[in-house]
**Q** 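Can you keep this structure in mind? I'll have questions shortly.
We number each residue from 1, following the sequence as shown. Just so it is clear, the structure is predicted and the values come from calculations on it, not from any experiment.
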Amino acid sequence: MKRMHKILIIEDNPDIVANIYAFFEPKGYELDNAHNGPSGLSLLAKNHYDVVLLDVMLPGMNGTDLCRNLRQKLHLKTPVLMLTARDTISDKVTGFDSGADDYLVKPFSLVELEVRVKALLRRHQDEYFDQDITIGPLTLNIEKHTAYRDNTLLKLTPTAFKILKILMQSYPNLVSKQELEQRVWGEDDIPNSDALRTHLHSLRAQVDKPFDHPMVITVPAVGYQIVDPVHQ
């Protein structure tokens, strides 16, 4: 079965959102939407999307700042197509500098929007299908949702897998406790209990316990990171 592509629309104009839904859904796309910047960032922290359609002028957080947060804090490579009425060169440069992949000026044709979306999907296809992240003896496949260490399949819970993916995508950098919690659960849904410690214990039971050298490291009062035991 062909995989449905999932698009996140972050746009506060309900008419534009309704038009995009009416055009794309019959073509087999799965859509989600947010009407302000913080809500859009929260959805991106919790879910996987193939493309983001991002308005520049948003309540709560503008599209440029949201895109910068998506790249620098969430460390996501999700293709971003900015939608805006601003069409000067400086506006476009600002958008691209924040991490946008493409730029479409309002009012736009929905046919052209689909052409741009398809181009972004093709450009990023290798990242989202059978994507492997390998650090030393540890390999994670995002699309297949599998992880191996020394060719041994790791039996990870969904949350443990998500934590491992975040840590491996951030390698060799540290991820703070606060950032890790936000990326796993979203800013508005962080558990009150010490849930992160419990899930890290579950993760280490699979990634580290059966092996000679740990790879999931806690740096007290700083955060967490993945290390390559070969280069320790």
Side-chain angles (χ1 to χ4, degrees), residues 1-125 127-129 142-143 162 182-190:
M1 181 188 290
K2 186 178 179 181
R3 175 179 174 275
M4 291 178 65
H5 291 298
K6 192 168 184 179
I7 300 174
L8 174 62
I9 310 163
I10 309 176
E11 165 68 65
D12 64 334
N13 185 318
D15 292 334
I16 292 177
V17 173
N19 287 339
I20 294 173
Y21 265 85
F23 184 84
F24 279 88
E25 278 194 324
K27 294 176 179 287
Y29 293 89
E30 184 179 352
L31 282 81
D32 201 356
N33 70 285
H35 300 295
N36 59 65
S39 295
L41 200 61
S42 179
L43 286 173
L44 284 161
K46 292 185 286 188
N47 305 300
H48 167 78
Y49 298 98
D50 297 294
V51 176
V52 179
L53 305 182
L54 178 60
D55 184 27
V56 172
M57 299 300 292
L58 288 167
M61 176 189 297
N62 66 47
T64 302
D65 288 341
L66 190 154
C67 191
R68 192 172 288 114
N69 275 276
L70 181 151
R71 302 298 188 215
Q72 297 178 3
K73 291 188 177 180
L74 299 184
H75 304 287
L76 294 176
K77 297 181 180 180
T78 310
V80 174
L81 173 57
M82 281 195 166
L83 308 174
T84 179
R86 297 178 173 181
D87 60 353
T88 68
I89 295 298
S90 62
D91 289 327
K92 293 179 181 180
V93 169
T94 299
F96 287 125
D97 284 347
S98 72
D101 297 272
D102 201 357
Y103 208 98
L104 192 57
V105 177
K106 298 176 181 179
F108 51 82
S109 158
L110 289 168
V111 173
E112 182 179 1
L113 177 61
E114 185 184 21
V115 168
R116 301 286 189 98
V117 166
K118 286 182 175 178
L120 288 175
L121 288 170
R122 284 195 301 271
R123 193 186 311 169
H124 290 262
Q125 186 172 12
E127 291 185 26
Y128 291 102
F129 290 90
I142 292 175
E143 185 66 20
K162 195 169 187 178
Q182 289 177 351
R183 291 176 64 182
V184 171
W185 289 289
E187 292 185 7
D188 300 326
D189 296 316
I190 296 174

**Q** For Cys67 versus Leu54, what's the shortest heavy-atom pair and its separation?
**A**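 Closest pair (atom of Cys67, atom of Leu54, distance): CB-CD2, 4.0 Å.
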**Q** Testing Leu44, Asp55, Leu41, Asn36 for side chain to side chain contact (heavy atoms under 4.5 Å, CB included) with Ile10, which one passes?
**A**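 Single pass found, and it is Leu44.
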**Q** By the definition side chain to side chain contact (heavy atoms under 4.5 Å, CB included), identify the one residue from Leu120, Leu53, Asp50, Val52 that meets it with Pro79.
**A**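 That would be Leu120.
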**Q** Going from OG1 on Thr84 to CG on Leu104, what distance comes out if it is rounded to the nearest 0.5 angstrom?
**A**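 Reported to 0.5 Å precision, the distance equals 10.0 Å.
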**Q** Decide yes or no for Ile20 and Leu110: does some side-chain heavy atom of the first lie under 4.5 Å from some side-chain heavy atom of the second?
**A**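 They are in contact (side-chain heavy atoms under 4.5 Å apart), so the answer is yes.
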**Q** In sequence, state the C-alpha distance, the side-chain angles, and the governing distance for Val117 and His5, and then conclude on side chain to side chain contact (heavy atoms under 4.5 Å, CB included).
**A** CA-CA 10 Å; Val117 166; His5 291 298; over 6 Å; no
**Q** Which residues pass the side chain to side chain contact (heavy atoms under 4.5 Å, CB included) test with Asn62, sequence neighbours left out?
**A**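 Residues passing side chain to side chain contact (heavy atoms under 4.5 Å, CB included) with Asn62: Thr64, Asp65.
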**Q** Mind checking what makes salt bridge (Lys or Arg N to Asp or Glu O under 4.0 Å) contact with Lys73, not counting sequence neighbours?
**A**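 So Lys73 forms no salt bridge (Lys or Arg N to Asp or Glu O under 4.0 Å) with any residue.
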**Q** In chain order, what residues pass the salt bridge (Lys or Arg N to Asp or Glu O under 4.0 Å) check against Asp101, with sequence neighbours excluded?
**A**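 Once residues adjacent in sequence are excluded, the partners of Asp101 under the salt bridge (Lys or Arg N to Asp or Glu O under 4.0 Å) criterion are Arg71.
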**Q** Tell me if the NZ atom of Lys118 is crowded by more than 12 foreign heavy atoms within 6.0 Å.
**A**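 Atom NZ in Lys118 is not packed in, count stays at 12 or less.
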**Q** Please table the atom pairs, donor to acceptor, closer than 3.5 Å between any side-chain atom in residues 21-35 and protein atoms at least two apart or in another chain.
**A**
{"unit_1": "Tyr21", "atom_1": "OH", "unit_2": "Asn33", "atom_2": "OD1", "d": "2.9"}
{"unit_1": "Asp32", "atom_1": "OD2", "unit_2": "Tyr49", "atom_2": "OH", "d": "2.7"}
{"unit_1": "Asn33", "atom_1": "ND2", "unit_2": "His35", "atom_2": "NE2", "d": "3.2"}
{"unit_1": "His35", "atom_1": "ND1", "unit_2": "Glu11", "atom_2": "O", "d": "3.4"}

**Q** Is the shortest side-chain heavy-atom distance between Leu113 and Leu83 below 4.5 Å?
**A**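 Heavy-atom side-chain distance check passes, below 4.5 Å.
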**Q** Test: salt bridge (Lys or Arg N to Asp or Glu O under 4.0 Å). Region: residues 36-48. Which pairs qualify, not counting sequence neighbours?
**A**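 Of all non-adjacent pairs touching residues 36-48, those that pass salt bridge (Lys or Arg N to Asp or Glu O under 4.0 Å) are Lys46-Asp189.
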**Q** Test your reading of the model: is there a side-chain donor-acceptor pair from Arg116 to the backbone of Tyr103, 3.5 Å cut-off?
**A**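 Checked: pair present.
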**Q** Between the main-chain N or O of Ser98 and the side-chain N or O of Arg68, is there a donor-acceptor pair closer than 3.5 Å?
**A**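 Judged by distance alone, no pair lies under 3.5 Å.
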